[in-house]
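Report on the structure given below.
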Amino acid sequence: MQVLSPRSRMLARESGWCLRANRYGARDGVRRFFAAVSRLGDGAFWYALMALLVVCDGLDGLFASAHMACTGVVALLLYKGLKRWTRRPRPFKSDVRIRAWVAPLDEFSFPSGHTLHAVAFTLVAIAHYPALAWLLLPFAASVALSRVVLGLHYPSDVLAATAIGSGLAGFSLWLVPNASLMA
């Protein structure tokens with residue numbers, strides 16, 4: 001009997017979770033929903049939100065949108081650097097049982113850029129407009145879940161991206177006066 005290292009056991013467990021989530025994508029309605037959410041998470045949802053904030057709230061909306069955009073640029077640089085450094089293969093590349101239900105935007109898995117951006121944008125936007133929490137929190141959670149269901153990320157990619165996005169948003173909010181989640 002072969003004894004697996006703790007790391008090997010953890011990777012096997014994570015692949016199992018990824019496979020179970022990915023099987024939900026075989027259902028047509030589930031796949032269409034998560035593919036649409038993921039596509040919106042490519043940027044369209046966030047750009048539309050930023051434009052809407054400017055249109056609806058003028059200079060205050062412009063300030064909030066600029067804050068989101070600056071946080072997004074830092075998130076982009078962070079996640080691209082981490083992907084180049086870690087070079088973790090995507091789940092569907094590592095396990096033939098896992099299917100990519102949509103095409104990935106890049107080659108590597110860690111961390112989930114969609115999740116990182118969704119979390120960072122959501123927290124910054126809610127700091128400026130707490131009333132948007134009812135919309136943004138479920139959307140960000142759906143983006144994160146979509147990445148695993150669609151076979152593009154492991155759960156740890158999404159969890160790490162959530163932590164990184166939260167930390168980045170927290171730092172960003174610390175730097176900007178009059179923007180806080182504790183209001």
Side-chain angles (χ1 to χ4, degrees), residues 10 13-14 17-18 21 34 37-88 90-91 104-150 152-183:
M10 185 202 68
R13 211 171 308 134
E14 185 168 40
W17 280 103
C18 195
F34 283 119
V37 165
S38 183
R39 184 78 174 137
L40 287 170
D42 285 350
F45 178 85
W46 305 112
Y47 305 141
L49 175 63
M50 288 184 237
L52 192 61
L53 292 176
V54 173
V55 168
C56 292
D57 204 20
L59 284 177
D60 287 340
L62 180 62
F63 179 75
S65 295
H67 188 183
M68 289 173 67
C70 289
T71 304
V73 168
V74 174
L76 179 68
L77 294 172
L78 263 174
Y79 107 87
K80 284 196 175 269
L82 284 168
K83 281 194 181 223
R84 272 194 303 271
W85 181 58
T86 61
R87 304 176 72 80
R88 184 181 195 186
R90 292 192 180 269
L105 295 179
D106 57 37
E107 185 178 356
F108 299 113
S109 178
F110 184 89
S112 167
H114 279 75
T115 303
L116 197 157
H117 281 90
V119 169
F121 283 147
T122 293
L123 294 175
V124 170
I126 290 171
H128 290 279
Y129 298 95
L132 291 177
W134 70 270
L135 171 68
L136 298 182
L137 291 171
F139 180 72
S142 295
V143 168
L145 185 57
S146 78
R147 307 311 288 165
V148 179
V149 169
L150 295 173
L152 302 174
H153 289 282
Y154 292 99
S156 62
D157 300 335
V158 169
L159 292 172
T162 299
I164 295 165
S166 297
L168 175 60
F171 182 69
S172 175
L173 292 169
W174 177 75
L175 290 174
V176 176
N178 303 323
S180 171
L181 291 170
M182 304 302 171

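FYI, side chains are in, hydrogens and waters are out, and symmetry mates aren't considered; it's all heavy atoms of this structure.
Side chain of S65 to backbone of G61: a donor-acceptor contact under 3.5 angstrom is found.
Here the CG-CG distance, from L78 to L116, works out to 6.5 Å after rounding to the nearest 0.5 Å. Once rounded to the nearest 0.5 Å, the distance linking CG of L123 with OG1 of T71 reads 10.0 Å. Atom-to-atom distance recorded for D106:CG and R84:CZ is 10.5 Å, nearest 0.5 angstrom. Here the CG-OG1 distance, from L49 to T122, works out to 8.5 Å after rounding to the nearest 0.5 Å. From E107, atom CD reaches atom NZ of K83 across 10.0 Å, with rounding to the nearest 0.5 Å.
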Which donor-acceptor pairs under 3.5 Å do the side chains of residues 152-161 make with protein atoms, sequence neighbours left out?
unit_1 : atom_1 : unit_2 : atom_2 : d
H153   : ND1    : S109   : O      : 2.6
H153   : ND1    : D157   : OD2    : 3.4
H153   : NE2    : R90    : NH1    : 3.3
Y154   : OH     : S94    : OG     : 3.4
S156   : OG     : E14    : OE1    : 3.0
S156   : OG     : E14    : OE2    : 2.5
S156   : OG     : R88    : NH1    : 2.8
D157   : OD1    : R88    : NH1    : 2.8
D157   : OD2    : S109   : OG     : 2.1
D157   : OD2    : Y154   : N      : 2.8

Which atom pairs, one a donor and one an acceptor, fall under 3.5 Å between side chains of residues 141-148 and the rest of the protein, sequence neighbours left out?
unit_1 : atom_1 : unit_2 : atom_2 : d
S142   : OG     : P138   : O      : 2.9
S146   : OG     : V143   : O      : 2.6
R147   : NH1    : S38    : OG     : 2.4
R147   : NH2    : H114   : ND1    : 3.3

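In this structure, L62 and V54 approach most closely via the heavy-atom pair CA-CG2, 3.7 Å.
Listed by chain and residue number, F45, W46 satisfy the ring pair (Phe, Tyr, Trp, His ring centres under 6.0 Å) test with F139 (two or more places apart in sequence, or in another chain). With sequence neighbours excluded, the residues forming a ring pair (Phe, Tyr, Trp, His ring centres under 6.0 Å) with H117 are Y79, F121, listed by chain and number. Every residue was checked against the ring pair (Phe, Tyr, Trp, His ring centres under 6.0 Å) condition with W85, not counting sequence neighbours, and none meets it. Residues passing the side-chain contact (heavy atoms from CB on, under 4.5 Å) test with Y129 are L53, D57, D60, A64, L132, sequence neighbours excluded.
Two residues are said to be in side-chain contact when any heavy atoms from C-beta on lie closer than 4.5 Å; V124 and V176 fail this criterion. Side-chain contact between V74 and S172: absent, with no pair of heavy atoms (C-beta onward) separated by less than 4.5 Å.
The 12-atom threshold is exceeded at CG of L77, counting heavy atoms of other residues, nucleotides or ligands nearer than 6.0 Å.
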>> side-chain contact (heavy atoms from CB on, under 4.5 Å), that's the test. Do L137 and I126 meet it? Break it down for me.
In response: CA-CA 9 Å; L137 291 171; I126 290 171; 3.8 Å; yes
